[in-house]
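This report concerns only the one structure given below.
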Amino acid sequence: MTLRVLDPIADINKPAERKPIRSVKSLQGKRVGLLWGRHAASVKFWPVFEEVAVKKFSAEPVRLYKNSSWNPAPMSDLEDLASKIDYAFIGVGA
């Protein structure tokens with residue numbers, strides 16, 4: 001009997017070269033990405049969190065909601081979101 005141990009990061013999942021992360025000096029008045037997977041444990045929390053964060057920072061929200069908490073958002077959707085925002089809050093199951 002042979003036990004094969006596989007690398008959990010397949011070749012197709014290795015990230016491409018990424019741009020350097022830019023820092024944000026203040027959250028006030030910026031565009032905030034709100035990525036949420038609609039996990040059952042956060043259904044009551046997340047909408048309240050969003051409301052408070054948007055109001056507190058006078059932020060312009062850009063939302064990406066997923067319909068399943070077990071499947072990651074497609075990379076194309078994440079790249080589109082990233083191009084529209086200054087920073088992001090990522091919720092349970094995103």
Side-chain angles (χ1 to χ4, degrees):
M1 180 175 165
T2 302
L3 177 63
R4 289 179 42 191
V5 179
L6 302 176
D7 183 352
I9 301 176
D11 289 338
I12 60 170
N13 289 331
K14 290 186 180 174
E17 188 174 325
R18 296 180 186 248
K19 296 178 186 175
I21 296 175
R22 58 188 172 164
S23 63
V24 178
K25 295 186 190 288
S26 170
L27 303 183
Q28 199 66 33
K30 305 284 187 192
R31 298 166 300 167
V32 59
L34 300 163
L35 175 58
W36 179 41
R38 296 185 181 174
H39 190 278
S42 64
V43 171
K44 291 183 180 180
F45 167 78
W46 188 259
V48 175
F49 170 77
E50 271 193 17
E51 183 180 337
V52 169
V54 168
K55 185 176 180 181
K56 177 173 178 60
F57 299 116
S58 301
E60 178 187 333
V62 179
R63 294 175 175 88
L64 174 56
Y65 291 171
K66 295 175 50 264
N67 291 325
S68 69
S69 59
W70 55 270
N71 194 12
M75 186 57 74
S76 59
D77 290 355
L78 292 175
E79 288 171 346
D80 182 54
L81 177 69
S83 72
K84 297 175 182 175
I85 62 172
D86 297 305
Y87 66 98
F89 290 121
I90 300 171
V92 177

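Just so you know, these numbers come straight off a predicted model, no measurement behind them. Side-chain atoms are counted along with the backbone in the values below, which use heavy atoms only and exclude waters and symmetry mates.
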Quiz item: Do Leu35 and Leu78 have side chains that get closer than 4.5 Å, going by heavy atoms?
Solution: yes
Quiz item: At their closest point, which heavy atom of Pro47 faces which heavy atom of Trp36, and how far apart are they?
Solution: CD-CH2, 4.4 Å
Quiz item: So how far is it from Arg31 CZ to Ile85 CD1, rounded to the nearest 0.5 Å?
Solution: 8.0 Å
Exercise. Compare all side-chain heavy atoms of Tyr65 with those of Arg38 and state whether any distance is below 4.5 angstrom.
Key: yes
Exercise. If the plane angle is over 60° it's perpendicular, under 30° parallel, otherwise tilted; pick one for Trp46 and Phe49.
Key: tilted
Quiz item: Looking only at heavy atoms, which two atoms of Pro61 and Leu34 are closest? And how far apart?
Solution: CB-CD1, 3.7 Å
Practice problem: Quick one: closest heavy-atom pair of Val32 and Ala59, and the distance? | Solution: CG1-CB, 3.6 Å
Exercise. Compare every heavy atom of Ser58 with every heavy atom of Gln28, then report the nearest pair and how far apart it is.
Key: NE2-OG, 3.2 Å
Self-check item: Over all atoms of both residues, closest heavy-atom pair of Lys84 and Val62
Solution: O-CG2, 4.1 Å
